[in-house]
Protein chains: 2
Amino acid sequence: MVMFYSRMATMPEAPQPVGRREQNKQQKLARIMAAASRLFDAHGLDDVTTHQVAAEAGIGSGTLFLYARNKGELLLLVQTARFRTAVEEGRAASEGVTGTMDGLLAIVRPVVAFNRERIDNGRSYLREMLFGDANEPHHAEALSVVAVMEDAIATVLRRSERIADPATLAENISSVMFVTLAAARNLALDPPGLVDEIRRQIAVLIPD
Amino acid sequence: MVMFYSRMATMPEAPQPVGRREQNKQQKLARIMAAASRLFDAHGLDDVTTHQVAAEAGIGSGTLFLYARNKGELLLLVQTARFRTAVEEGRAASEGVTGTMDGLLAIVRPVVAFNRERIDNGRSYLREMLFGDANEPHHAEALSVVAVMEDAIATVLRRSERIADPATLAENISSVMFVTLAAARNLALDPPGLVDEIRRQIAVLIPD
DNA sequence: TCCAATAACTGACCATGGTCAGGTTTTATT
DNA sequence: AATAAAACCTGACCATGGTCAGTTATTGGA
């Protein structure tokens, strides 16, 4: 009873055609993201079990895998929002700066900072982007942010009329960033050191 | 008994200061490599268990991990010999060819061919090189082959006096190769297609 | 309001990579 | 040859990521 009224009453809270089912799913997803974020940040991907994440999110251990097909996808789910923020921050900063290299570094800096918030999680994130399953949704979303980053880089490159193919060169610079951040040889570098290393690599690619 | 004679008798077979212990270890290593090679080639890394490899090598399952600290190291152990052969083949071919791009592609082609013998194992190999433990011996050896490859690339680049920093540009090209071979977006490309893709990327880096 | 049909959830269970306490073989010394 | 020390090997065992048959919740229709 009062079914009708209660439906009417809940409607305003959810303007879209959102039933109980959809609501529950969204809440669960939110709890999963919060739990995974907190635990990964606190202890690192490798020291957190999927069962722990499920427990902290208040769901069954199997349910977790309905929201992320595997542990790597879970990391992508959690980190891509921050990656997007970093890219957006870089893109904005690059607009307020003249000079090709300075524009590029404005983009590089926040991305490096994001990736090194926790070096282990950052490298795992790169690993999942490069080697994860491209058919999974969170992987696809991460790649779409990479595309945005490459667009921002290309936009900076287009300011110089001496660069023949900005889009391809942007892919190139993106590759250099990936490998530099992933490479074991750079494990000991701090963010400024990494930015310097990336600068050194791309200095050879752009006219001065 | 006859201990003394049997020692004398086995000495000629092993000219170096090689005791029983060292001999046993070398034989075991050889059996492990043969077993892992065969199984990985036949079924792919993911469909072969470490226990299967140990069984086929005729050793206990724990013994395997005295020769390779984990499954990734085992793959590196097995594949790096082939990688080295590919790089050497490319280096040699690049010497018999004029033109910067042609010289580079002479190196790229056998490396791509090696990496795509089995696409799953090839990508796993790249993954281990980028994200494996740099303190492990097989990982270090793989990286040393990368260094040889970059040297060969730099040697080709040095033929053109218009290239300012061949060594750095070689690192660059190496990064592009890594990412192009790893990227999910290129999964469907066959070796010639991959070489074309790499050519497209590096065309932007070298003077024509 | 009731009833299928469907979607979502659950946790016992499994396969596998990796560990380690205990056992065996080799070496060095006498 | 005997012994102790060192190196090496072994497989039972463990932790964990991931699966799936069975259960519960939601929805739409009558």
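Values below: all heavy atoms of this structure, side chains included; hydrogens, waters and symmetry mates excluded. Every chain is numbered from 1, with letters handed out A, B, ... down the list of sequences.
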> Does A:R21 make a side-chain donor-acceptor contact with the base of C:dA8, cut-off 3.5 Å?
Replying inline: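 Check fails, no donor-acceptor contact within cut-off.
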> Any N or O donor-acceptor pair linking the side chain of A:S61 to the base of C:dG11 at under 3.5 Å?
Replying inline: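 Present.
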>> Any salt bridge linking B:E89 with B:R109? Criterion: basic side-chain nitrogen under 4.0 Å from a carboxylate oxygen.
In response: no
> With a 4.0 Å cut-off, would you call A:E171 and B:R200 a salt bridge?
Replying inline: yes
> Which one, C:dG18, C:dT27, D:dT26, comes nearest to the side chain of B:R20?
Replying inline: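 So the nucleotide nearest the side chain must be C:dT27.
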>> Measuring from the side chain of A:H51 (C-beta onward, heavy atoms only), which nucleotide among D:dG17, C:dG18, D:dC9 has the closest atom?
In response: D:dG17
To the nearest angstrom, how far is [X] atom [atom1] from [N] atom [atom2]?
{"X": "B:Q23", "N": "D:dA7", "atom1": "CD", "atom2": "P", "value": "19 Å"}
{"X": "A:L66", "N": "C:dT10", "atom1": "CG", "atom2": "P", "value": "9 Å"}
{"X": "B:H43", "N": "C:dT16", "atom1": "NE2", "atom2": "P", "value": "13 Å"}
{"X": "B:L45", "N": "C:dT16", "atom1": "CG", "atom2": "P", "value": "13 Å"}
{"X": "A:D46", "N": "C:dG18", "atom1": "CG", "atom2": "P", "value": "12 Å"}
{"X": "B:E73", "N": "C:dG18", "atom1": "CD", "atom2": "C1'", "value": "14 Å"}
{"X": "B:L74", "N": "C:dT16", "atom1": "CG", "atom2": "C1'", "value": "14 Å"}
{"X": "A:E22", "N": "C:dT6", "atom1": "CD", "atom2": "C1'", "value": "15 Å"}

Do any side-chain nitrogens or oxygens of [X] fall under 4.0 Å of OP1 or OP2 in [N]?
{"X": "B:K28", "N": "D:dC9", "value": "yes"}
{"X": "B:N24", "N": "C:dT25", "value": "no"}
{"X": "A:K71", "N": "D:dG18", "value": "no"}
{"X": "B:Y67", "N": "D:dC8", "value": "no"}
{"X": "B:T63", "N": "D:dT10", "value": "yes"}
{"X": "A:T50", "N": "D:dT16", "value": "no"}

>> Could you check whether any side-chain heavy atom of B:L77 comes within less than 4.5 Å of a side-chain heavy atom of B:M33, counting everything from C-beta outward?
In response: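 They are in side-chain contact.
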>> Just checking A:Y125 against A:F40, ring centres under 6.0 Å apart?
In response: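 Not close enough - the centres of the two rings lie 6.0 Å or further apart.
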> What do the steps show when you test A:S174 against A:E150 for side chain to side chain donor-acceptor pair (under 3.5 Å), and what is the final call?
Replying inline: CA-CA 7 Å; A:S174 174; A:E150 292 179 359; 2.8 Å; yes
>> Closest-nucleotide mapping onto DNA chain C: is B:T49 or A:K25 further toward the 5' terminus? I mean the 5' end.
In response: A:K25
>> Please compare B:F65 and A:I59 by the position of their nearest nucleotide in DNA chain C and report the one closer to 5'.
In response: A:I59
> For A:V48, which contact category applies under a 4.0 Å heavy-atom criterion: base, sugar-phosphate, or nothing?
Replying inline: sugar-phosphate
